[in-house]
Amino acid sequence: MSRGLIPGVLAMAAVVVASNILVQFLFGNWLTWGAFTYPLAFLVTDLTNRIYGAKAARKVVLAGFAVGVICSFIGTQIIGEYGPLVTLRIAIASGTGFLVAQLVDVFVFNRLRDGAWWRAPLASTLVGSSLDTVLFFTIAFAGSLSFLEPANDVSWAGEMLPMLGVGPVAPLWVSLGVADWLVKLSLAVIALIPFRYLVVALSGKKANI
């Protein structure tokens with residue numbers, strides 16, 4: 001791996017590790033602190049893609065995926081008050097969502113890289129974030145997929161409640177997913193600012209934005 005990719009790999013690893021820890025702490029009724037750190041993974045991927053290309057971005061994604069697998073394995077070995085900190089189903093959901101979403105992000109970004117500077121990072125992050133949210137929350141909590149880990153009772157996530165406390169009645173996990181998705185969409189727009197300036201700072205060529 002090129003030495004130039006090491007900062008990207010380290011940044012991705014830091015985001016994955018931080019998100020795996022912070023996802024255990026609630027922020028309000030519908031979010032965890034991890035919802036605010038995980039979207040930074042898309043910023044790392046897009047910066048790598050813009051500066052080094054799609055092949056390099058995929059390497060950074062795979063490195064982040066490997067770190068996530070290791071973190072998940074460690075989590076399954078740590079027993080908390082209610083069982084393992086990371087269940088098999090959560091590990092599958094997290095890994096699948098991350099890998100698919102990030103690789104799709106790379107693909108979309110690469111297809112749009114020659115357009116306006118903001119189009120590729122915004123479109124790729126929106127598509128990737130949406131895929132990640134759908135895959136993670138469906139795999140982790142949908143009752144139809146309980147066969148993935150029959151011993152893991154996630155029936156609490158199927159409780160029917162008003163969406164986000166005010167909308168139509170839906171399973172709790174749908175509200176959690178929608179809240180997570182809204183945060184990702186907001187951060188996708190905000191991340192355009194550091195994306196623009198970091199590309200200039202790291203590449204030294206404003207014309208390449």
Side-chain angles (χ1 to χ4, degrees), residues 1-25 27 31-75 86 91 93-110 112-113 117-133 135-136 180-181 183-206 208-209:
M1 179 179 291
S2 169
R3 291 180 61 183
L5 295 183
I6 293 178
V9 171
L10 293 177
M12 183 67 82
V15 170
V16 171
V17 171
S19 298
N20 272 277
I21 294 173
L22 294 175
V23 75
Q24 302 174 63
F25 300 96
F27 178 83
L31 292 168
T32 69
W33 282 102
F36 300 95
T37 57
Y38 178 77
L40 294 176
F42 292 98
L43 177 60
V44 174
T45 300
D46 291 346
L47 283 171
T48 305
N49 201 340
R50 173 58 74 193
I51 297 172
Y52 297 104
K55 184 177 180 180
R58 283 190 285 270
K59 289 182 180 180
V60 170
V61 167
L62 292 176
F65 177 72
V67 171
V69 170
I70 294 172
C71 288
S72 294
F73 175 75
I74 294 175
V86 179
S94 177
T96 301
F98 177 87
L99 188 60
V100 172
Q102 293 294 327
L103 291 179
V104 169
D105 179 283
V106 173
F107 174 79
V108 173
F109 188 104
N110 203 45
L112 300 176
R113 68 186 308 120
W117 72 267
W118 52 267
R119 187 180 303 167
L122 181 60
S124 62
T125 300
L126 291 179
V127 173
S129 295
S130 299
L131 273 174
D132 178 75
T133 298
L135 287 171
F136 175 78
D180 180 85
W181 181 64
V183 170
K184 288 175 180 173
L185 295 188
S186 301
L187 292 180
V189 176
I190 295 172
L192 290 175
I193 298 174
F195 174 84
R196 181 178 176 88
Y197 287 100
L198 284 172
V199 168
V200 173
L202 294 175
S203 69
K205 297 179 180 180
K206 187 173 182 179
N208 283 346
I209 310 180

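Atom set for the values below is all heavy atoms of this structure, side chains included, hydrogens, waters and symmetry mates excluded.
The shortest distance between side-chain heavy atoms of Phe98 and Val16 falls below 4.5 Å. Residues Met12 and Thr45 have side chains in contact (heavy-atom distance under 4.5 Å, counting atoms from C-beta outward). Counting heavy atoms from C-beta on, the side chains of Asp105 and Val127 never come closer than 4.5 Å. Counting heavy atoms from C-beta on, the side chains of Phe36 and Leu22 never come closer than 4.5 Å.
Residue Thr125 comes nearest to Ala188 through the heavy atom pair CG2-CB, 3.6 Å, listed as atom of the first residue, atom of the second, then distance. Here the closest non-hydrogen pair linking Leu187 and Ala35 is CD1-O, 4.1 Å. Taking every heavy atom of both residues into account, Ala120 and Ser124 meet most closely at O-OG, 2.7 Å. The minimum heavy-atom distance between Val106 and Ala57, with the atom names listed, is CG2-CB, 3.9 Å. Considering all non-hydrogen atoms of both residues, Ala56 and Leu5 come closest at CB-CD2, 3.6 Å. Considering all non-hydrogen atoms of both residues, Asn49 and Ala54 come closest at OD1-N, 3.2 Å.
Every residue was checked against the ring pair (Phe, Tyr, Trp, His ring centres under 6.0 Å) condition with Tyr197, not counting sequence neighbours, and none meets it. Listed by chain and number, the residues in a side chain to side chain donor-acceptor pair (under 3.5 Å) with Thr37 are Ser19 (sequence neighbours excluded). Applying the ring pair (Phe, Tyr, Trp, His ring centres under 6.0 Å) test to Phe107 and every residue at least two apart in sequence or in another chain returns nothing. Considering only residues two or more places apart in sequence or on other chains, Ala123 meets the side-chain contact (heavy atoms from CB on, under 4.5 Å) condition with Val108, Leu112. Judged as a side-chain contact (heavy atoms from CB on, under 4.5 Å), and not counting sequence neighbours, the contacts of Leu99 are Val61, Leu62, Phe65, Leu103. For Leu10, the side-chain contact (heavy atoms from CB on, under 4.5 Å) partners are Ile6, not counting sequence neighbours. Under the salt bridge (Lys or Arg N to Asp or Glu O under 4.0 Å) criterion, Asp132 pairs with Lys184, not counting sequence neighbours. With sequence neighbours left out, Ser186 forms a side chain to side chain donor-acceptor pair (under 3.5 Å) with no residue at all. Residues passing the side-chain contact (heavy atoms from CB on, under 4.5 Å) test with Ile74 are Ile70, Ile78, sequence neighbours excluded.
Judged by distance alone, with hydrogens and angles left aside, the side-chain atoms of Arg50 form a donor-acceptor pair with the main-chain N or O of Arg113 at under 3.5 Å.
Rounding to the nearest 0.5 Å places CG of Leu126 at 10.0 Å from CZ of Phe42. To the nearest 0.5 Å, the span separating CG on Asp46 from CD on Gln102 amounts to 8.0 Å. Here the CG atom belonging to Leu43 is positioned 9.5 Å from the CG atom belonging to Leu192, to the nearest 0.5 angstrom. Atom OG1 in Thr96 sits 7.0 Å away from atom CG in Leu135 (nearest 0.5 Å). Expressed to the nearest 0.5 Å, how far OG1 of Thr32 lies from OH of Tyr38 amounts to 12.0 Å.
Between the side chains of Trp181 and Ser130, at least one donor N or O lies within less than 3.5 Å of an accepting N or O.
Under the salt bridge (Lys or Arg N to Asp or Glu O under 4.0 Å) criterion, no residue pair touches residues 12-22, with sequence neighbours excluded.
In this pair, Phe27 and Trp33 present their aromatic rings perpendicular. The plane angle is above 60°, beyond the 30 to 60° band.
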